Protein chains: 2
Amino acid sequence: MALEHAILVSLLEQPGSGYELARRFERSIGYFWTATHQQIYRVLKRMESDGLLDVRDVPQERRPDKKEYSVAGPGRSALSAWLHEPIEPESLRHDLAVKIRGAAFDDPAALLHEVERHHRVHSDRLAHYLAGEIRDFTGPGAPVPLDAGQELQHVVLRGGIAYERMTVAWLDDVLATLHRLGAAGPRA
Amino acid sequence: MALEHAILVSLLEQPGSGYELARRFERSIGYFWTATHQQIYRVLKRMESDGLLDVRDVPQERRPDKKEYSVAGPGRSALSAWLHEPIEPESLRHDLAVKIRGAAFDDPAALLHEVERHHRVHSDRLAHYLAGEIRDFTGPGAPVPLDAGQELQHVVLRGGIAYERMTVAWLDDVLATLHRLGAAGPRA
DNA sequence: TCGTTCTATGCAACTGGTTGCATAGCAAGC
DNA sequence: GCTTGCTATGCAACCAGTTGCATAGAACGA
């Protein structure tokens with residue numbers, strides 16, 4: 001299960017609570033792994049009882065107390081072991097592609113709005129990633145030189161940027177194709 | 001559940017048995033959706049009992065008999081309904097990216113072989129997709145002009161090609177980064 | 001004749017992930 | 001005083017997907 005490993009990496013980069021982790025999974029880690037808070041809390045609990053994590057109760061003022069998790073020795077070993085074993089190259093699960101092929105048996109033009117919506121989402125993500133790249137890695141406020149951890153975070157972010165750029169370009173291609181088919185008239 | 005919809009699309013394109021579907025999921029449909037034969041058989045059974053599919057026993061010579069599935073009226077309606085409702089833009093689950101960020105807490109150079117292996121897999125997929133594109137859509141044996149279904153299959157394949165090309169380029173970037181960090185020496 | 005490979009189908013147990021719901025403190029604004 | 005919203009944590013039920021195993025006919029080669 002890679003969620004465990006994603007959590008280990010995130011907590012090594014910075015210890016934090018379940019709530020904070022959930023927010024990171026909406027941001028940086030979320031570029032390549034997603035998880036809901038329910039799942040995170042459940043896995044944190046299990047990892048803690050497995051001895052992979054340490055917990056510390058942190059009383060807070062002006063907001064509810066929290067539990068701060070950090071990586072324990074066995075957690076670090078588990079991560080290291082995983083890093084050294086091979087993993088399967090990822091496989092896609094792309095609903096939109098299923099829809100596009102399915103549109104041949106419906107009205108292709110009806111997909112236009114859906115594709116446009118996805119185009120907007122991916123354009124927004126791209127803009128967001130690019131802003132983050134400038135803020136954290138290439139802009140005037142960024143550390144120079146970057147340490148190894150930052151270099152690795154940057155190359156992963158470049159992957160996210162490449163993915164979004166590619167996706168936006170492909171969605172342009174899809175839109176052009178749908179328009180072409182629409183101009184030629186619908187079919188069954 | 002999009003596996004149902006992927007099966008509906010695939011069976012509309014061409015009726016077939018669970019075994020044949022499983023093989024398609026290793027090929028064309030597999031470019032953007034994966035499924036094992038166990039899962040396919042189970043879902044086929046449920047879809048048939050839900051009235052979405054028709055089954056026909058096909059006795060065969062020289063090999064075991066098979067059950068050929070095809071899409072029934074309600075199946076077509078279900079697909080159409082799904083095509084008209086919005087779906088969430090897909091989110092990634094990219095283990096390798098987790099590993100790369102995790103490498104900051106281990107030896108980055110140890111990831112080289114893993115990344116090279118993924119690079120080979122994606123290069124092979126790219127070559128395979130490109131060969132398929134020539135065979136089915138752009139080569140001398142391909143139909144001219146393409147009908148709408150073929151145009152849509154082609155644009156989805158172009159998406160797969162773009163994805164693999166982008167991934168290979170990114171993995172080159174990752175390799176260069178790892179080499180750079182390796183030359184600078186490992187760290188904790 | 002025995003092992004292997006390919007076609008073809010399936011069950012059972014498990015794990016990972018999603019969805020819906022619930023609780024609670026505190027701040028800010030109406 | 002009431003609602004809204006943010007921080008913070010969690011349970012329970014369900015669903016989708018994976019893994020391991022099993023069966024069986026037929027072809028093919030050692």
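Below, all heavy atoms of this structure are taken into account, side chains as well, without hydrogens, waters or symmetry copies. Labels below follow one simple rule: chain letters A, B, ... track the order of the sequence lines, proteins then strands, and each chain is numbered from 1. Bear in mind the structure is a predicted one, so any value in this text is a computation, not a measurement.
Using a 4.0 Å heavy-atom distance criterion, B/Gln38 is classed as a base contact. Residue B/Thr34 is out of contact with every strand shown, counting any heavy-atom pair closer than 4.0 Å.
B/His154 and B/Arg158 share a side-chain donor-acceptor pair at under 3.5 Å. In the model, B/His84 has a side-chain atom that pairs as donor or acceptor with a side-chain atom of A/Asp106 under 3.5 Å. Under 3.5 Å, the side chains of B/Thr167 and B/Arg125 contain no donor-acceptor pair of N or O atoms.
Residue A/Phe25 contributes atom CZ, which lies 16 Å from atom C1' of C/dT18 at whole-angstrom precision. Rounding to whole angstrom units, NE2 of residue A/His37 and P of C/dG17 are separated by 16 Å. Taking atom CZ on B/Arg23 and atom P on C/dA8, their separation rounds to 8 Å, with Å as the unit. In this structure, B/Tyr69 atom OH and C/dA8 atom C1' are separated by 11 Å, rounded to whole Å. Atom CD of B/Glu68 is separated from atom P of C/dT7 by 17 Å (rounded to the nearest Å). As rounded to whole Å, 16 Å separates atom P of C/dG16 from atom CD of B/Gln39. Atom pair B/Asp95:CG and C/dG16:P shows a separation of 13 Å (rounding to whole Å applied). Spacing between atom CD of B/Glu20 and atom P of C/dC6 amounts to 17 Å, rounded to whole angstrom units.
Reading DNA chain D from its 5' end, the first and the last nucleotide to sit under 4.0 Å from a heavy atom of chain A are D/dT7 to D/dT18.
At a threshold of 4.5 Å between non-hydrogen side-chain atoms, the residues B/Leu130 and B/Arg165 count as touching. Using a 4.5 Å heavy-atom cutoff, the side chains of A/Arg24 and A/Gln14 are in contact.
A/Arg23 CZ: 12 or fewer foreign heavy atoms inside a 6.0 Å radius.
Among the candidates A/His122, A/His118, A/His94, the single residue satisfying the ring pair (Phe, Tyr, Trp, His ring centres under 6.0 Å) test with A/Trp170 is A/His94.
One N or O donor and one acceptor, one from the side chain of A/Arg42 and one from the base of C/dT18, sit under 3.5 Å apart.
Nearer to the 5' terminus of DNA chain D, by closest-nucleotide assignment, is the contact made by A/Lys66 (compared with the other of A/Lys66 and B/Val43). Between B/Gln60 and B/Arg93, the residue anchored closer to the 5' end of DNA chain C is B/Gln60, taking for each the nucleotide with the nearest heavy atom. Each of B/Ala35 and B/Arg62 lies near DNA chain D, and the nucleotide nearest B/Ala35 is the one positioned closer to the 5' end.
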